[in-house]
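All chains are named by letter (A, B, ...) in the order of the sequence lines, taking the proteins before the strands, and each is independently numbered beginning at 1. The shown structure was predicted, so the numbers you read here are calculated from the model rather than taken from an experiment.
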Number of protein chains: 2
Amino acid sequence: MVASPQNVQRMPRAQRREQILDAATRAFARTGYVATGLDGVAAEAGVTLVLLYRHFDSKADLYRAVLDRACARLEATVGSSDYDESSISALLRAAADDPDGFRLLFRHAVREPDFRDVVNGMQAMSAEVTRRELAAVIPEGPWLDWAVQYVPTVTLEGVIAWLDAGQPDPDQAADRIALVVHSAIRAANGVD
Amino acid sequence: MVASPQNVQRMPRAQRREQILDAATRAFARTGYVATGLDGVAAEAGVTLVLLYRHFDSKADLYRAVLDRACARLEATVGSSDYDESSISALLRAAADDPDGFRLLFRHAVREPDFRDVVNGMQAMSAEVTRRELAAVIPEGPWLDWAVQYVPTVTLEGVIAWLDAGQPDPDQAADRIALVVHSAIRAANGVD
DNA sequence: AGCTTTGTTTAAGTCAACTTATACAAGATG
DNA sequence: CATCTTGTATAAGTTGACTTAAACAAAGCT
């Protein structure tokens, strides 16, 4: 005989799916894809492991769904805007709206070869756009390469540090991160 | 009957150990602890899987040895110096001396809870020293927290980007990273 | 009331990666 | 030459995590 489950939280399918995605985002944001077990995800969501498989075909499928949603949210807030002043504000807004997703994308997903393709929609922003913008200001050579890698990192890490610091005044934050970014661009052109 | 191995590279035990550590550092630097298989490490070292176990008790043991050596090298070059101008030069020198170890420590090991303790000898540098230095310049509050996390990251990512850019002129690099670091500190105090 | 949907429990299957065991080949050394 | 050390090859044991299956309970809708 099977014990009868008390206090089961029933939910329409779509809503449950979202709730699982929320929990999975939190869980994966802590330790990334490989090191995070589905046990942990299920526990975080407060449901059974089996239920996960009623909503997603596999671990990879779930992870892709998590990343896709995080990407979609990010792009909805940031858009394909050029890499100008306002885009830092937009990034801060996006990070505040979905902190776990933001951290997941930029602390883990970017270094997971199997899923890099999902983030490529934004590596366009991060790499190609940046290079085009920077190439107009920095002469060809190793220091341009340096800046192309460094500037996005400085931006994103500034945002993440802002999240971790408790999200003080977003407008100030945008100005301050912009200051650092500009100094990085100036640095790539030589100190003097 | 067993095929006779041709062209076996014999080596004194200590030297083989170092060679394995080199290969393991490269392998782990690519994908971190969990996602890197001992198969891959053995292949990278050009030896058999079984031989790994003649030198190290387990995967965790091997990884610890790799991290310990990378830490030791880093500390030998950087020392427990204060966080002043010269320490950026020292970091660049250390990174150039052991690029794979450097990347392994600061892109992977810092986010692997099971092995964080190994890196703690330098989280002293990264966290405590930094906080003391910054607390003298930045008023208590969320922006101090922001800077305490952001400044070390800006420093280390600057170094890694420099590695990836082909290590152009170390002296220039030190000046340029210092410029960005100082601008981050200034930013934490407000833009104006 | 009866059917569908959502959920649980329990159990078992699969598979990759870590780990250990055994036997053999060949250089180094006294 | 005898022996120790370094190395390979092959096979099997172990474990943890992903995955599937089956049976049952209860909420919700028609």
Nucleotide of [options] approaching [X] most closely (side-chain heavy atoms):
X      : options                  : value
T48(A) : dG7(D), dT8(C), dT19(C)  : dT8(C)
L51(A) : dG7(C), dG7(D), dT6(D)   : dG7(C)
S58(B) : dC18(D), dT6(D), dT19(C) : dT19(C)

Rounded to whole angstroms, how far apart are [atom1] on [X] and [atom2] on [N]?
X      : N       : atom1 : atom2 : value
Q9(A)  : dA26(D) : CD    : P     : 16 Å
L52(A) : dT9(C)  : CG    : P     : 13 Å
K59(A) : dA17(D) : NZ    : C1'   : 8 Å
R13(B) : dA28(C) : CZ    : C1'   : 16 Å
Q15(B) : dA28(C) : CD    : C1'   : 15 Å
R17(B) : dT6(D)  : CZ    : C1'   : 16 Å
H55(A) : dT5(C)  : NE2   : C1'   : 10 Å

* Decide yes or no on salt bridge (Lys or Arg N to Asp or Glu O under 4.0 Å) for R64(A) and D117(A), but give the supporting numbers first. => CA-CA 10 Å; R64(A) 250 166 219 293; D117(A) 59 299; 3.3 Å; yes
So, [X] and [Y], do they make that salt bridge, N to O below 4.0 Å?
X       : Y       : value
R30(A)  : E44(A)  : yes
R107(A) : D100(A) : no
R17(B)  : D22(B)  : no

* Does W146(B) have R176(A) sitting over its ring (NZ/CZ under 6.0 Å from centre, angle to axis within 45°)? -> no
With a 3.5 Å distance limit and no angle check, can you tell me whether [X] reaches the backbone of [Y] through a side-chain donor-acceptor pair?
X       : Y       : result
Y150(A) : V154(B) : yes
R116(A) : V110(A) : yes
W162(A) : P168(A) : yes
K59(B)  : Y33(B)  : yes
T48(B)  : L51(B)  : no

* Asked: Can you hop from I20(B) to M11(B) via hydrophobic side chains spaced under 4.5 Å?
  -> no
* State yes or no: do V50(A) and L21(A) share one hydrophobic cluster built from I, L, V, M, F, W and Y residues joined by side-chain heavy-atom distances below 4.5 Å, directly or via other members? => no
Under 3.5 Å between N/O atoms: give me all the protein pairs with nucleotides 20-22 of chain C, atom names plus distance.
none

* Do R10(A) and dT5(C) have a side chain to base donor-acceptor pair shorter than 3.5 Å? -> yes
* What residues in residues 22-30 of chain B put a non-hydrogen atom under 4.0 Å from any atom of DNA chain C? -> none
* Considering only heavy atoms, which members of residues 32-41 of chain B lie under 4.0 Å from some atom of DNA chain C? -> T36(B), G37(B), L38(B)
* **Under 4.0 angstrom between R16(B) side-chain N/O and dG7(D) OP1 or OP2** => yes
